[in-house]
Amino acid sequence: MTTTPHDSPHPFTDRGLARLMLSHSYKEVAEYALGGISPRSDKHAEPGEFVENARRLLREAEDALHWAVVYERERGTSWDDIGEALGPMTRQSAHRRFADQVVQWRAPLDEPETVQLDGTAEDERIPYPASDPERAVSHLDHWLLDHTADTDTWHGSAQPVSRHLERHSTTSALMIIGKYTARLLKDQMVPDPHRQANAADRHADLLERLIREGNAPAEAHDWIIRDRARAQALRQTPGNGVPWEAMSDPSKHPQPGVSIDVLEAETKALAALAPFLALDQEDAVLSPHEAGVFNDLRTARGYSDTDEADRIRTRARGIAADLVRAHPHWLNTSEAGWALGDALRAYAAGFEGKDSRDR
């Protein structure tokens, strides 16, 4: 793999974060145990203090055991194998004892409060150090180096922890961007164009990194050009998107005069047209001008300037009607054609269309 000095580390995978939690818990056990080795302060101890300290050490070790099970599960270890390592213990007993912590660990990762641009989860339920992994792993590196002997296997490594925790590859980092864009669609009926622009630019950045690493597909350069163009267009789009509340309260829509029926018809038409909106494709169904109008419509849905949005809608509806008249054969000879034809007819007419095969 080829990287350059400006390539920052990719985020940790969920498995890497679980190992970080385990490493941190081991450090807590070791740190507490170290404090009990010297008898220097024994004469000042209260009665029962040593037993109390040993019990606390057991609690710290029990916490490490729980994180060991979480990490094993992230590694794909079965409950049968975990139970065998515990004593032995049946898989049912192991599951009953530890499953709740595994569920608590996974919950904010699978359904987080929000998703960051790099696709990672952000949620108050994520425990430290997984909630701040870069800073935490740096502290662990330094702590371990301060307690390293010449005979330790990691002796001589400047990053004895962080270097060995699993991070995303550039390919998997590209894949998890989808979590961010999916969250934008979940949070808003029409996502904030500036956040969409950030996602498009990050996608392009990662593709460029993939090229430097020598692992990019042949189409990567074309994808980068499209990502950058899309990001630029999105950043020129006014507004901050449309909230879902606009469906029940039109006053919350930046274009309150637009009916929900029109918005739904637009959404379906744009989804059906998405494969045809590239301006440079061969044998294009849409001319560059027509594709440009529909691309304008995608961004105009977030405009607060109702008059400009209405002008774009009028042009788009006219093109939709022209396409239905100009390509009747193509729109009725394939599943893609039927779907596109239905969407265009519905949008041109302003109401929900029937299946084209029934006409």
Side-chain angles (χ1 to χ4, degrees), residues 12-79 81-109 121 123-155 157 159-166:
F12 292 109
T13 64
D14 292 351
R15 184 159 60 184
L17 292 176
R19 185 60 172 91
L20 176 60
M21 294 299 304
L22 179 57
S23 296
H24 177 75
S25 64
Y26 282 151
K27 188 213 72 162
E28 293 294 296
V29 172
E31 206 165 48
Y32 198 76
L34 281 171
I37 293 176
S38 173
R40 179 179 178 180
S41 302
D42 285 7
K43 61 183 178 181
H44 302 296
E46 297 291 333
E49 186 173 327
F50 300 106
V51 173
E52 192 176 305
N53 289 342
R55 286 188 62 193
R56 179 176 173 183
L57 182 61
L58 283 174
R59 288 195 297 270
E60 297 288 350
E62 181 71 15
D63 188 57
L65 176 60
H66 279 77
W67 285 114
V69 171
V70 169
Y71 181 51
E72 291 281 4
R73 291 297 292 165
E74 288 289 347
R75 285 166 55 89
T77 305
S78 69
W79 284 110
D81 288 338
I82 291 172
E84 184 66 26
L86 284 168
M89 179 185 291
T90 66
R91 69 181 307 277
Q92 291 85 358
S93 297
H95 184 272
R96 186 163 49 249
R97 181 176 174 184
F98 296 103
D100 284 349
Q101 179 149 352
V102 175
V103 170
Q104 289 173 13
W105 164 251
R106 288 300 323 168
L109 299 178
D123 194 301
E124 291 183 353
R125 296 171 294 170
I126 298 175
Y128 183 85
S131 60
D132 192 4
E134 298 298 344
R135 184 173 66 171
V137 77
S138 177
H139 289 167
L140 268 178
D141 278 336
H142 287 97
W143 185 91
L144 190 54
L145 288 173
D146 288 342
H147 297 82
T148 294
D150 293 347
T151 55
D152 288 326
T153 57
W154 58 86
H155 180 263
S157 172
Q159 299 172 314
V161 182
S162 59
R163 183 178 179 183
H164 305 285
L165 288 179
E166 184 180 83

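It should be emphasised that the depicted structure is a prediction, and the values quoted were computed from it without experimental measurement.
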Main-chain N/O of Asp81 paired to Ser78 side chain as donor or acceptor, under 3.5 Å:
yes
Roughly how far apart are Arg163 CZ and Asp141 CG, rounded to 0.5 Å?
11.0 Å
Do Glu31 and Trp143 have side-chain heavy atoms sitting under 4.5 Å apart?
yes
If you draw a 6.0 Å radius around CZ in Arg125, do more than 12 non-hydrogen atoms from other residues or ligands fall strictly inside?
yes
Atom pair CH2/CE of Trp105 and Met21 - distance to nearest 0.5 Å:
6.0 Å
What is the minimum heavy-atom distance between His155 and Asp150, and which atoms define it?
NE2-OD1, 3.2 Å
Got a second to check how far Lys43's NZ is from Ser41's OG, nearest 0.5 Å?
8.5 Å
Please report the closest heavy-atom contact between Leu165 and Gly16, naming both atoms and the distance.
CD2-O, 3.8 Å
So which atom in Ala64 and which in Leu22 form the shortest heavy-atom distance, rounded to 0.1 Å?
O-CD1, 3.5 Å
Do Glu166 and Phe12 touch side chain to side chain, with heavy atoms closer than 4.5 Å?
no
To the nearest 0.5 angstrom, please state how far the NE2 atom of His164 sits from the CD atom of Gln159.
8.5 Å
Looking at OG1 of Thr77 and CD of Glu84, how far apart are the two atoms once the value is rounded to the nearest 0.5 Å?
13.0 Å
Any sub-3.5 Å donor-acceptor pair from Ser138's side-chain atoms to Glu134's backbone N or O?
no
Nearest heavy-atom neighbours spanning Ala121 and Ile126:
O-CD1, 3.9 Å
Would you say that Val69 contacts Trp79 through its side chain, given a criterion of any heavy-atom pair below 4.5 Å between the two side chains?
yes
Do the non-hydrogen side-chain atoms of Glu46 and Glu52 ever get within less than 4.5 Å of each other?
no
Might you point out which heavy atoms bring Ser93 and Met89 nearest each other, and give the distance in Å?
CB-CG, 3.3 Å
How many angstroms lie between atom OG1 of Thr13 and atom CG of Leu20, to the nearest 0.5 angstrom?
10.5 Å
May I ask you to test the Leu140-Ser162 pair for a side-chain heavy-atom distance under 4.5 Å?
no
Between the side chains of Arg19 and Ser23, is a donor N or O closer than 3.5 angstrom to an acceptor N or O?
yes
Do Ser25 and Asp63 have side-chain atoms, one donor and one acceptor, less than 3.5 Å apart?
no
Do the side chains of Arg56 and Asn53 get nearer than 4.5 Å, heavy atoms only?
no
Looking at side-chain heavy atoms only, is the closest gap between Lys27 and Val161 below 4.5 Å?
no
Of all the heavy-atom pairs spanning Leu86 and Ala94, show the shortest one and how long it is.
CD1-CB, 4.3 Å
Tell me, do Arg106 and Asp14 make a side-chain contact under 4.5 Å, heavy atoms counted?
yes
What do you reckon, is NE2 of His142 surrounded by more than 12 foreign heavy atoms closer than 6.0 Å?
no
